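Just so we're clear, the structure is a prediction, and the values are computed from it rather than from any experiment.
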Number of protein chains: 2
Amino acid sequence: MHVLPRAIDADMVGDRQLPLTEYTALMNLSETPDRRMRMNELAALCHLSLSGMTRTIIRLETQGLVRRERCEEDARGWNAVLTDAGYARLQESWPSHLAAVRRRFLQHFEGFDLAQLARAFQQAGTADPTD
Amino acid sequence: MHVLPRAIDADMVGDRQLPLTEYTALMNLSETPDRRMRMNELAALCHLSLSGMTRTIIRLETQGLVRRERCEEDARGWNAVLTDAGYARLQESWPSHLAAVRRRFLQHFEGFDLAQLARAFQQAGTADPTD
DNA sequence: AACCGACGCTTGATCGGTCAAGCAAATATC
DNA sequence: GATATTTGCTTGACCGATCAAGCGTCGGTT
């Protein structure tokens, strides 16, 4: 549990120079209809603090993979917008990400009911700590 | 996977002021016959780089929970030695660690064969990346 | 016995994250 | 409609990890 995220991250950095955190951000953006999202929401999906999200987006912005636009209906807010370059980069990266997950994780859980496992992890990751 | 280690760590820091990394180091030391271990070996067991281990031991040393002694048979080497204070601290801490693991992890995997799960994780954590 | 590469560990620089404080816009209250 | 509070995000300080470079010791070679 301790080792796997680092291993997958290291694989991805080596392979396509895209750390796991940045990959996750791009991926979540790409799954929205207009490739944009508020910082708030994106941070939650990436399991990152808001300040961590800010920093990640800044890194992506300087690489030209993401652009930031003021939110129209709320001038305090920002939208992170996936650029074409960002989309292209994501397309390049996902096969190596998938391979890393397979090799580092899935391969070792072949006897298991993966859907059930996924549900358990999901639940563990989002449960109220006071339960 | 991303969230759980942080959550468990946060629980332990809040509860008994012992971060997970330091807890793990003390625990591994306590399980040796003479409560001492070379830096090398301890780092491997804690899944930490050697420099990370050095820094962790330094933190523990300033709290008086561990002491460092030159290795007799090799003057380059050091032994980390668990002090009585360190042992006592570990005794105080493990119930809250166990509780955190139960609440954050085990509780959500009740339907599973835990032994089989443990084997899979073990394997995933130690496998050669080139497999 | 003098050297030289390998080894064991530490140190300096950096990185990616957190928390807490700050700022500007939005909203509620009076 | 002015003031206070909340909200959305950024910034500064810090923290715990990594990598790369450094230092002292060991062991084999000559």
Q. Counting only distance, no hydrogens or angles, is the base of D:dC19 paired donor-acceptor with the side chain of B:S49 under 3.5 Å?
A. no
Q.
How close do B:L20 and B:D9 get, counting heavy atoms only, and between which atoms?
A. N-OD1, 2.7 Å
Q: Compare the minimum distances between each of D:dA17, C:dT18, C:dC9 and the side chain of B:R6, then state the nucleotide with the smallest one.
A: C:dT18
Q. Contact class for A:R55 (heavy atom, under 4.0 Å): base, sugar-phosphate, or nothing?
A. base
Q. How close or far is atom C1' of D:dT7 from atom CE of A:M39, stated in whole angstroms?
A. 15 Å
Q.
For A:H108 versus B:A120, what's the shortest heavy-atom pair and its separation?
A. O-CB, 3.2 Å
**Q.** Out of C:dT18, D:dT10, D:dT18, whichever nucleotide has its closest atom nearest the side chain of A:R68
**A.** D:dT10
Q. Can any side-chain N or O of A:R104 pair as donor or acceptor with the backbone N or O of A:L4 at less than 3.5 Å?
A. no
**Q.** Check: B:L50 main-chain N/O paired with B:T54 side-chain donor or acceptor under 3.5 Å
**A.** yes
**Q.** Heavy-atom donor-acceptor pair, B:S51 side-chain to C:dC9 base, under 3.5 Å
**A.** no
Q. How long is the line joining NE2 of B:H47 and P of D:dT18, in whole Å?
A. 12 Å
Q. Given atom CE of A:M53 and atom P of C:dC19, what is their separation to the nearest angstrom?
A. 16 Å
Q: Not counting sequence neighbours, which residues clear side chain to side chain contact (heavy atoms under 4.5 Å, CB included) with A:E69? List them please.
A: A:R36, A:R67, A:V81
Q. How long is the gap from CG on B:L82 to CD on B:E31, to the nearest 0.5 Å?
A. 11.0 Å
Q) Within this structure, what is the CG-to-C1' distance between B:N40 and C:dA6, rounded to whole angstrom? A) 13 Å
Q) With respect to the phosphate group of C:dG17, does any side-chain polar atom (N or O) of A:T21 fall under 4.0 Å of OP1 or OP2? A) yes
Q | For atom CD1 of A:I57 and atom P of D:dT11, their distance in whole Å | A | 14 Å
Q: Please say whether more than 12 non-hydrogen atoms of neighbouring residues, nucleotides or ligands are located less than 6.0 Å from CZ in A:R70.
A: yes
Q. Could you give the CG-to-P distance, from A:L18 to C:dG16, as a whole number of Å?
A. 12 Å
(Q) Categorize B:G52 for me: base, sugar-phosphate, or nothing, with a 4.0 angstrom heavy-atom threshold over every strand shown. (A) base
Q: Whole angstrom is fine here: how far is it from CZ in B:R59 over to P in C:dT11?
A: 14 Å
(Q) Please encode protein proximity along nucleotides 23-28 of chain C as a string of B, S and -, counting only heavy-atom distances under 4.0 Å. (A) --BS--
Q | Residue whose nearest DNA chain D nucleotide is more 5′ - A:R38 or A:H2 | A | A:R38
Q) D:dG16 C1' sits how many Å from B:Q63 CD, rounded? A) 14 Å
